[in-house]
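Some notes on the structure that comes next.
Remember, it's a predicted structure, so these values are computed and weren't measured experimentally. The chains referred to below are lettered A, B, ... by the order of the sequence lines, with proteins before strands, and numbering in each begins at 1.
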There are 4 protein chains.
Amino acid sequence: MPKETFYNLPEAKRNKIYESALDEFAKNPYRQASINRIIENAGIPKGSFYQYFTNKKDLYKFLIEEIYKKKISYLTPEMANPSGMNCFEFLKELFKSGIRFAKENPRLAKIGQHMLSDSEADTYNEIMDDKKDEGLKIYKNILAEGVKRGDVKADINLNLAAYYLFQLSNSISGDLIDLFGKSEEENFMSLVEDMIDLLENGIGSK
Amino acid sequence: MPKETFYNLPEAKRNKIYESALDEFAKNPYRQASINRIIENAGIPKGSFYQYFTNKKDLYKFLIEEIYKKKISYLTPEMANPSGMNCFEFLKELFKSGIRFAKENPRLAKIGQHMLSDSEADTYNEIMDDKKDEGLKIYKNILAEGVKRGDVKADINLNLAAYYLFQLSNSISGDLIDLFGKSEEENFMSLVEDMIDLLENGIGSK
Amino acid sequence: MPKETFYNLPEAKRNKIYESALDEFAKNPYRQASINRIIENAGIPKGSFYQYFTNKKDLYKFLIEEIYKKKISYLTPEMANPSGMNCFEFLKELFKSGIRFAKENPRLAKIGQHMLSDSEADTYNEIMDDKKDEGLKIYKNILAEGVKRGDVKADINLNLAAYYLFQLSNSISGDLIDLFGKSEEENFMSLVEDMIDLLENGIGSK
Amino acid sequence: MPKETFYNLPEAKRNKIYESALDEFAKNPYRQASINRIIENAGIPKGSFYQYFTNKKDLYKFLIEEIYKKKISYLTPEMANPSGMNCFEFLKELFKSGIRFAKENPRLAKIGQHMLSDSEADTYNEIMDDKKDEGLKIYKNILAEGVKRGDVKADINLNLAAYYLFQLSNSISGDLIDLFGKSEEENFMSLVEDMIDLLENGIGSK
DNA sequence: CATGAATGAGGATTCATTCAT
DNA sequence: TATGAATGAATCCTCATTCAT
């Protein structure tokens, strides 16, 4: 996490660094992301960077944390399921919100995508394992709630279903857009509905 | 594809190079994989490498092709679905075979995983798009066959279901092992069954 | 100069090597020209190349010699000045022939251009000094003849005038074409006439 | 152009780099010039070099610009033609100054020569076209002035005559020295006079 | 606390030539 | 005589981090 010096910075400067880092890590996976470019675009001297962050990984962790916070705060109103929706309806809404978030914050989405798909185990895992667990836990809770409400069968493998949802939410902003065409937003939303329906009803006849 | 010079090499040497490359690309995604390390471990001079392969991408394409061939030849006996199994039974068998392949060839599995998940689109896509399409097509065909046989509902989104299976098959050797523990093989196999069951029946109650 | 082995080659093969070398040295100055590419395009093994030529410079000298011979034999009919033209008319015809030669043999012209302008002293000079001297001598003879005929003033610096002509003939195929536009052939020929006129009459008033 | 870091260097160090680069580019045309040798002779680590210059071309552009500035400032007093000399006298003085400059700064002259004669068009043109045009324009102006003063015939091909002068000025420091011997300075100067006389009066009798 | 110069290992690729078969 | 594998130095360039000022 950033050193105190970073938080003591005037907001404008702090923001420029944040933005520049966001750009760089959105365009490149961890290893390819270049501190050199970040400081150049932020207009700060190299020495300063290492006064704000202990190293590259430190900056990266910080960004991930920020993205996570932002996403949580974006989704929080939803998350309570205030209107008491059916489990699957609720998941649909949640996913749609996630898509909207990605559309409004493409860089954040891109970084998240890198993090979840990049296979540089050594560098990522340490950071990402927490987040992965958290993500899985969220879906597990939702499903457990569904079981309680009677929406979801009681005898299914919860971990597995949660994993399915987790995978889905990650691939949405990346792969799926490419595979199914950069469709209009509405089409895309209906794709989400199909996905959840598929999970609800399965594809087996009868 | 490798130059003739590579194929003219004594098998022992050719193998050492192949093994060294396999190691390197299993441990690192494309960009991080280092020619220097490959030649060092293979015990060949740098100049020689470039007499066997035109460049890094050339070597990489070669490896992917080899992996693909090996996997195909491994799965071919299954693929015909000779015993006329039900669609979902058939998928289970196919996945189990895939898992066995990954267990027997962990490096190959790892490289495939890198290829399908890495976010360095520019470098990979050229090579990988074909393979991705092929992969998807296989699952689509299986599902279409299932529809014909009456195993699978006729009104589902085939593309989506195929995509789900594709994702699943890729994550099996990687993620799932980590997440669900390096369990005994039998446990792992039962996980596969759960996954397919989930796809067949859905998780919705009733 | 090539080894005997080269001359013993079947003509077709010898020619393929010659053509390939011509291509390479037309596209690149000496240092950038690549033996690797030459043998690849010629379709001969690398070992063979060094059985025909002792090294790169050997091949290069050979090409220069061939070009020189070809040009001489092209210009020979002219050179005798059989119709007993005035010195300046004769030069004009000679230059025009030179241009025609360059148009008909663009690769040869290009190689000549490289040779005369490239500043890799160490590599070129050894070869080129002879040719340069020969070239200068030709023009000196023409001018001396002009003096004898009374076309050319007796008290001028012959070496210098010869040098001027030499420079001119070299720059024609290269620079001048670029500078004065890739004009129609006739325009270009009239440019030559202007050049010789300028040499004949000077630009001073009166 | 160099980065700020270069200009911030202590002068002694900056100079060592400058001198080393000058040496290298004087001895070799662009492509053959080696960054490795430059840094070795300058006694700086490789990483440092790339903190001062973005790349090889950057350094090269810088050198060319420096040479150009130095030459301009050297010739400026002449250029005004303050004593209202006849066009041809003026050219003689200008050329003599150019020769003096070349004798005093042989490396700079050599680099200029490389730049103007090397046939590696792709690399040079971007940088050199400006300079070439500027050079031609200067001579064109001088000749135009000569026409106005009545020194130069009004009906000649100005472009061509300017081109002649341009070629001459470039070959002076290079070729001519070689061809006409490293003669005493006075002899050399008289050669220049001959050249201009030749241009003024032509070599035709009468 | 800010600065920015120093560093050297590492990246991929090209090359002309030699030499054993 | 034909072959083609072996070689290692050379090319330009990027990088994250340290440290003296």
Side-chain angles (χ1 to χ4, degrees), chain A residues 3-6 8-9 13 31-40 44-59, chain B residues 3-10 13-14 31-40 43-59, chain C residues 3-6 8-9 13 31-40 44-59, chain D residues 3-10 13-14 31-40 43-59:
Chain A
K3 306 180 186 174
E4 266 195 59
T5 50
F6 179 67
N8 293 339
L9 246 32
K13 191 171 184 179
R31 271 282 288 268
Q32 269 66 57
S34 156
I35 299 286
N36 282 347
R37 279 191 295 261
I38 290 174
I39 61 156
E40 190 172 354
I44 61 163
K46 188 167 273 187
S48 298
F49 177 85
Y50 284 92
Q51 216 121 36
Y52 307 144
F53 302 93
T54 55
N55 53 29
K56 193 180 177 180
K57 200 190 288 185
D58 187 32
L59 165 61
Chain B
K3 304 184 188 173
E4 267 194 58
T5 52
F6 180 67
Y7 293 109
N8 294 339
L9 246 35
K13 189 171 187 179
R14 205 172 60 230
R31 272 283 291 268
Q32 269 64 58
S34 155
I35 300 286
N36 279 352
R37 278 190 297 258
I38 290 173
I39 61 165
E40 191 172 351
I44 60 167
K46 193 173 284 198
S48 296
F49 176 85
Y50 284 93
Q51 284 211 305
Y52 309 144
F53 302 92
T54 55
N55 51 33
K56 192 179 177 181
K57 201 191 288 186
D58 187 33
L59 165 62
Chain C
K3 305 183 186 173
E4 265 194 60
T5 50
F6 180 66
N8 294 339
L9 246 36
K13 190 171 186 181
R31 271 285 288 267
Q32 269 66 56
S34 155
I35 299 286
N36 282 347
R37 279 190 296 259
I38 290 174
I39 61 156
E40 191 173 352
I44 61 164
K46 188 168 271 187
S48 298
F49 177 86
Y50 284 91
Q51 215 121 34
Y52 308 144
F53 302 93
T54 55
N55 53 29
K56 192 180 179 181
K57 200 191 289 186
D58 187 32
L59 165 62
Chain D
K3 305 183 187 174
E4 267 194 59
T5 53
F6 180 66
Y7 293 109
N8 293 340
L9 246 34
K13 190 172 188 179
R14 206 171 60 230
R31 273 282 292 265
Q32 270 64 58
S34 155
I35 300 285
N36 279 352
R37 278 191 296 259
I38 290 175
I39 61 165
E40 191 172 351
I44 60 167
K46 193 171 287 197
S48 295
F49 176 85
Y50 285 93
Q51 282 210 306
Y52 309 145
F53 302 92
T54 54
N55 53 31
K56 191 179 178 181
K57 201 192 288 188
D58 188 33
L59 166 62

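Positionally, the nearest nucleotide of DNA chain F for C:Pro45 lies more toward the 5' end than for the other of C:Pro45 and B:Gly43. Each of C:Ile35 and B:Ser34 has a nearest nucleotide on DNA chain E; the 5'-most of these lies closest to B:Ser34. Residue C:Tyr52 is the one, among B:Leu9 and C:Tyr52, whose nearest nucleotide of DNA chain F lies closer to the 5' end (criterion: closest heavy atom).
Relative to the side chain of D:Tyr50, the nucleotides F:dC12, E:dT14, E:dT17 differ in distance, and F:dC12 lies closest. The side chain of C:Asn36 approaches E:dC15 more closely than any other nucleotide in the set E:dC15, E:dA9, E:dA2. In this structure, the nucleotide among E:dT7, F:dT1, E:dA12 sitting nearest to the side chain of B:Lys46 is E:dA12. Closest approach to the A:Lys56 side chain among E:dT17, F:dA9, F:dT17 is made by F:dT17 (side chain taken as heavy atoms from C-beta onward).
Contact of the D:Arg14 side chain with the D:Asn8 side chain is not registered, since no non-hydrogen atoms from C-beta on lie closer than 4.5 Å. Contact of the A:Arg31 side chain with the B:Arg31 side chain is not registered, since no non-hydrogen atoms from C-beta on lie closer than 4.5 Å. Here the side chains of C:Ile38 and C:Leu59 are in contact, with some heavy-atom distance below 4.5 Å.
Although no hydrogens or angles enter the test, the distance criterion places a donor-acceptor pair under 3.5 Å between the side chain of A:Lys56 and the main chain of A:Ala33.
In this structure, E:dG10 and F:dC13 make a Watson-Crick or G-U wobble pair, each of the two defining distances being under 3.5 angstrom. Base pairing analysis places F:dT7 opposite E:dA16; the two distances defining the Watson-Crick or G-U wobble pair are each below 3.5 Å.
D:Asn55 has its CG atom 16 Å from the P atom of F:dT11, to the nearest Å. Computed from coordinates, the C:Asn8 CG to F:dA2 C1' distance equals 14 Å when rounded to whole Å. When the C1' atom of E:dT7 is taken as reference, atom CD1 of D:Ile44 falls 11 Å away, rounded to whole Å.
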